[in-house]
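We use all heavy atoms of the structure for the numbers below, so side chains are in, but hydrogens, waters and symmetry mates are not.
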Amino acid sequence: MRRRPESSSTAPDTSAKKSSGTSKTDEEAKLNHGVQIRTARRSGFTWLTLFAVIVYSSWAVYQYQYENLPVPLTAEQAGKRGFSEVAAMKHVKALTELGPHTIGSDAIELALQYVLAELENIKKTAHWEVDVEVDLFHVNVGATRLDSGMFVDRTIIYSDLDHIVLRMLPKYAPEARENAILVSSHIDTVFSTEGAGDCSSCVSVMLELARGISQWAHGFKNAVVFLFNTGEEEGLSGAHSFITQHPWSTTIRMAIDLEAMGIGGKSAIFQAGPHPLAVETFASVAKYPSGNIIFQDIFSSGVIKSATDFQVYREVAGLSGLDFVYADHGAVYHTKNDKLKLLKSGSLQHLGENMLAFLLQISTTSHLSKANATVDDIQTSHDTAVYYDILGQYMVIYRQRFANMLHSSVILQSLLIWTTSLLMGGSTAAVSLAFSCLSNILMWIFSISFSVLAAFILPLISSSPLPYLSIPWLVLGLFAAPAFLGALTGQHLGYLVLKRYLSNVYAKRKQLSPAIQADLIKLETERWLFKAGSLQWLVLLVIGTYYKIGSSYLALVWLVPPAFAYGLLEATLTPGRLPKPLKLATLWMGLAIPILVSAGQVIKLTTVIIGLSVRFIRHPGGTPEWLPSVGLSLFIAVVICLTLVYLLSYIHLSGAKTSIVLSTCILFALSLAVVFSGIIPPFTEETARAVNLVHVVDTTGGFGEKPNSYISLFSFTPGKFTKEVEEIKEGFACGRHNAIDYVTFSVKYGCLTYDGTEEGWDESNIPTLDVVKDINGDKRITQVKIDTKRSIRWFLAINTEEIEDFTFNVGLEELVAADGKRSIDGWHTIQASGGKNAPTKFELTLFWLQNSTRRSDKMVQSEQRPLLRIRTDLPGVVTPKVETVLQKLPPWYSLFGKSTSPHTLSFLSSLPIDF
């Protein structure tokens with residue numbers, strides 16, 4: 001019997017053809033005993049076009065998904081029952097014109113009066129069948145201690161706070177008041193900004209929503225409660241005081257929080273759940289749905305050191321709901337640039353229309369009580385939701401149970417296919433798979449190494465370690481280019497190793513000529529690299545499914561479409577068939593859905609990370625300057641390795657490798673040249689460096705017995721002050737020797753000046769820590785009286801290496817009981833703030849550890865940590881020296897405020913262990 005010659009996957013033909021789905025591909029037919037091999041010669045023009053299309057598609061997805069905002073409506077266009085951004089913007093303008101409105105300031109009182117007046121007007125114009133109640137809620141004093149997040153190591157005390165609460169329900173359905181939806185945001189700002197984004201925009205949306213809801217609520221089955229709270233910026237105090245002290249709080253069944261960590265853009269769901277009712281309802285009715293569980297997973301992991309009122313509603317009250325956030329222009333957060341002119345047109349309309357549709361739907365449901373199931377019960381049942389939007393037009397949402405089943409099904413099918421493939425291919429397939437995995441490992445190593453190396457170079461050639469802040473797209477050349485080059489280099493090394501192994505295998509096949517063997521080896525190597533890309537996504541899907549990570553849907557999206565495209569256009573179960581070049585159609589088909597689903601999210605996440613770099617450092621000078629750039633470069637390298645692994649496998653047989661490498665190197669070199677030349681400044685007036693300028697009066701004893709007064713300049717943005725200090729010329733000396741302990745953080749690099757610092761403060765404002773009783777018995781107990789003098793904002797750190805527990809009293813009222821406290825680095829912090837009439841005298845009772853020692857050796861005493869440390873701030877006080885320096889700061893500098901940072905005048909004091 002005559003043996004049939006082996007054939008390639010295409011019919012033998014001496015005429016030249018173009019492979020299906022391949023553009024600009026040169027095919028070379030080689031015949032040897034009836035065997036035809038086609039090799040791909042993809043030109044440089046083909047690759048240039050391919051890259052351009054992918055980059056443009058990704059950019060177009062991002063633009064449509066995050067930059068495409070609705071047209072603002074006037075009050076006439078919206079009507080009595082609609083939402084008008086034009087009307088809401090009037091509220092933003094009125095609130096920002098008040099300037100910074102911190103708690104305890106005159107401005108916050110004016111802001112409260114404005115909101116109260118607007119709500120009274122809404123009450124007057126509401127539908128006659130709608131019952132509108134407005135309550136000005138005053139909180140005398142309270143305390144909270146959260147179990148997670150950035151406040152886990154501290155007790156937060158608040159006093160003399162005012163909130164405004166509005167409730168709407170049908171006048172003839174009083175039972176609706178027993179089930180209410182809470183919509184909440186905060187009126188107060190930090191001291192450094194007028195707060196157009198954070199969160200006057202949120203308050204304004206709520207005011208306009210309340211106006212619209214007042215015309216609809218007569219048909220509701222549930223009440224709607226709007227909470228305009230104060231104290232959020234000082235430790236989520238407003239939300240906690242409402243939940244624990246207001247009589248309406250017991251009727252709340254769902255909480256919606258509006259927040260901002262930037263200014264404007266699309267307000268997206270930042271956190272949802274744990275019960276999925278809220279997010280499922282939102283997804284079904286929102287006109288412009290925006291939200292992604294990726295951001296929720298990142299936030300809950302603790303990578304982002306921040307907190308919102310939603311944590312209080314979820315953790316303290318056990319409520320489910322939604323947390324919305326504005327995240328555009330993250331670099332302006334809590335700086336002077338959080339101002340009205342940067343608020344994008346359409347931002348309020350986007351949130352307002354989404355929220356109005358959601359509230360109209362959820363307020364008529366009969367299942368609201370189900371959303372009030374305990375957090376632990378829901379998380380234990382794994383009934384949370386996985387959600388993400390597509391192009392801001394449609395939201396995909398399904399339960400975690402379904403996600404587990406779907407992912408497990410895909411994993412099992414993938415493993416079955418891989419097992420079958422390996423069994424059919426024998427040991428050669430197994431070894432080839434191992435070498436293709438090695439190629440992926442080398443790709444990761446080289447990509448991360450090249451990108452991180454570029455991050456290390458930046459501080460050496462730039463005046464700032466973050467030269468890309470003002471022009472974020474510089475990261476494409478600075479980090480993406482070396483990451484891509486490294487990924488290509490690493491995978492190509494793996495390609496060469498795999499090709500060598502396959503050469504040894506094919507060398508044993510005598511029926512094929514060396515020339516044909518060489519082509520077959522290249523084609524088979526290319527295919528193994530492509531399949532290895534799907535394998536790394538399979539591994540991520542397995543890990544994500546095991547740990548029930550909602551974001552693992554990305555692994556599903558990047559695994560299934562490319563695998564399907566490969567199976568449809570490339571794969572064969574016939575062992576006798578020889579490999580052929582991968583079709584470009586396979587790449588297009590495989591990447592279309594992943595780009596559509598994830599390109600916008602990746603770009604958005606990158607911009608958020610860049611914005612966070614402005615306030616990256618927790619302890620100024622305590623973190624290497626290169627760390628933020630290294631973190632960003634690492635993220636970009638990971639994205640490159642995960643998303644371009646399929647594309648890279650096509651390049652090795654291309655004739656465009658040299659041009660691709662050269663173009664990438666040119667892009668990187670040009671970006672470095674731009675940074676080195678200083679053509680593009682790292683900071684601008686609208687993207688400012690976050691700094692703090694504090695007049696410090698120090699009585700901790702480290703500088704002598706008398707109070708020591710100096711001006712401290714430091715920054716939560718990486719970088720030195722050398723050039724700026726020379727221009728200011730106010731006697732500043734910068735360095736690491738100027739370390740200052742601000743109780744809530746330490747400044748390990750900063751600038752100090754002692755010139756002209758004796759004015760603007762008085763010794764009568766120095767806080768006192770007086771021991772009134774010290775009992776040494778079976779259990780040592782010490783009572784300390786604290787007097788913060790004029791300060792209504794202060795921070796007290798308790799040494800938990802000596803103190804086991806404590807109680808804290810205001811007058812005769814015990815605010816904090818001895819119930820065990822958490823600590824970090826041996827300290828538990830009490831953080832206090834309040835209104836103008838907040839108390840300033842307290843009593844602290846300390847319970848010592850049994851093994852605590854009271855040593856008297858002078859040298860040992862000098863090395864001991866103090867028993868107590870305190871910092872008091874005088875909000876709104878600017879001393880003459882600080883005023884002078886502020887006027888000389890560059891325009892690209894901005895004061896930065898947060899719940900733990902000092903204001904412009906602070907007092908430091910302490911109580912030693914051996915008092």
Side-chain angles (χ1 to χ4, degrees), residues 9 39-40 42 411 413-449 483-484 486-507 517-543 555 558-567 569-573 575 577-583 586-587 590-591 594 637-638 640-654 657:
S9 54
T39 57
R42 305 177 184 107
I411 291 169
Q413 292 180 59
S414 299
L415 292 177
L416 179 61
I417 293 172
W418 274 106
T419 301
T420 304
S421 176
L422 292 177
L423 289 175
M424 293 180 63
S427 60
T428 300
V431 176
S432 298
L433 176 61
F435 280 125
S436 62
C437 290
L438 173 64
S439 174
N440 276 355
I441 294 173
L442 292 174
M443 173 187 68
W444 281 81
I445 292 174
F446 277 81
S447 180
I448 291 174
S449 299
F484 176 81
L488 179 59
T489 302
Q491 195 184 69
H492 192 68
L493 290 176
Y495 166 84
L496 295 176
V497 172
L498 178 57
K499 190 173 75 168
R500 184 177 184 132
Y501 165 73
L502 292 176
S503 297
N504 295 332
V505 173
Y506 274 86
Q517 285 184 9
D519 289 335
L520 287 175
I521 290 166
K522 293 178 182 178
L523 296 177
E524 189 166 347
T525 303
E526 179 184 59
R527 286 170 169 265
W528 274 111
L529 294 183
F530 186 93
K531 290 187 288 186
S534 65
L535 186 60
Q536 74 174 10
W537 281 110
L538 176 60
V539 171
L540 290 177
L541 183 62
V542 170
I543 295 172
W558 280 90
L559 169 63
V560 174
F564 176 79
Y566 183 88
L569 300 177
E570 307 287 356
T572 176
L573 295 178
R577 284 202 166 189
L578 299 177
K580 62 180 180 179
L582 290 175
K583 302 179 180 67
T586 304
L587 193 64
L591 295 186
V638 169
I640 292 289
C641 291
L642 288 175
T643 60
L644 296 188
V645 62
Y646 299 112
L647 175 66
L648 290 172
S649 63
Y650 277 71
I651 296 179
H652 308 290
L653 297 187
S654 166
K657 287 194 297 291

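Looking at heavy atoms from C-beta onward, Leu523 lies in side-chain contact with Leu653 at the 4.5 angstrom threshold. No side-chain heavy atom of Tyr650 sits less than 4.5 Å from a side-chain heavy atom of Leu529. Leu538 is listed as a side-chain neighbour of Leu415, based on a closest heavy-atom distance under 4.5 Å. Gln491 places a side-chain heavy atom less than 4.5 Å from the side chain of Val645. Between Glu570 and Phe530, every side-chain heavy-atom pair lies at or beyond the 4.5 Å cut-off. You'll find the side chain of Arg527 reaches within 4.5 Å of the side chain of Lys580, heavy atoms only. Using a 4.5 Å cut-off on side-chain heavy atoms (C-beta onward), Ser439 and Val497 make no contact.
Looking at every heavy atom in both residues, Ser534 comes nearest to Tyr646 through CA-OH, 3.3 Å. When all heavy atoms of Tyr501 and Thr428 are compared, the pair lying nearest together is OH-CA, 3.4 Å. The minimum heavy-atom distance between Ala487 and Ile640, with the atom names listed, is CB-CG2, 4.1 Å. The minimum heavy-atom distance linking Trp537 with Leu642 is given by the pair NE1-O, 2.9 Å. Nearest heavy-atom pair across Asn440 and Ala532 is ND2-O, 2.9 Å. Residues Ala429 and Ser421 approach most closely at CB-O, 4.3 Å, considering heavy atoms.
Here CG of Leu502 is found 6.5 Å from CD1 of Ile521. Values are rounded to the nearest 0.5 Å. The OG atom of Ser447 sits 12.0 Å away from the CG atom of Leu442 when rounded to the nearest 0.5 Å. For the atom pair His492 NE2 and Phe446 CZ, the distance stands at 11.5 Å (nearest 0.5 Å). In this structure, Leu587 CG and Leu582 CG are separated by 9.0 Å, a value rounded to the nearest 0.5 Å. Rounded to the nearest 0.5 Å, atoms NZ (Lys531) and SG (Cys437) are 11.5 Å apart. One finds the CG atom of Leu488 at 11.0 Å from the CE atom of Met443 (value rounded to the nearest 0.5 Å).
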query = What's the verdict on side chain to side chain contact (heavy atoms under 4.5 Å, CB included) for Leu559 and Ser414, showing C-alpha distance, side-chain angles and the deciding distance?
reply = CA-CA 9 Å; Leu559 169 63; Ser414 299; 4.1 Å; yes
ask   = Should Thr643 and Leu591 be marked as a side chain to side chain contact (heavy atoms under 4.5 Å, CB included) after you check the CA-CA gap, both sets of side-chain angles, and the distance that decides it?
value = CA-CA 9 Å; Thr643 60; Leu591 295 186; over 6 Å; no
task = Dump the intermediate steps for side chain to side chain contact (heavy atoms under 4.5 Å, CB included) on Leu648 and Phe484, then the final yes or no.
result = CA-CA 9 Å; Leu648 290 172; Phe484 176 81; 3.6 Å; yes
request  = Any chance you could lay out the side chain to side chain contact (heavy atoms under 4.5 Å, CB included) test for Leu433 and Leu535, step after step, and finish with the verdict?
outcome  = CA-CA 10 Å; Leu433 176 61; Leu535 186 60; 3.6 Å; yes
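With respect to Thr420, the side-chain contact (heavy atoms from CB on, under 4.5 Å) criterion is satisfied by exactly one of Leu423, Leu416, Ile417: Leu416.
The aromatic rings of His652 and Tyr495 sit parallel, their planes meeting at an angle under 30°, below the 60° perpendicular limit.
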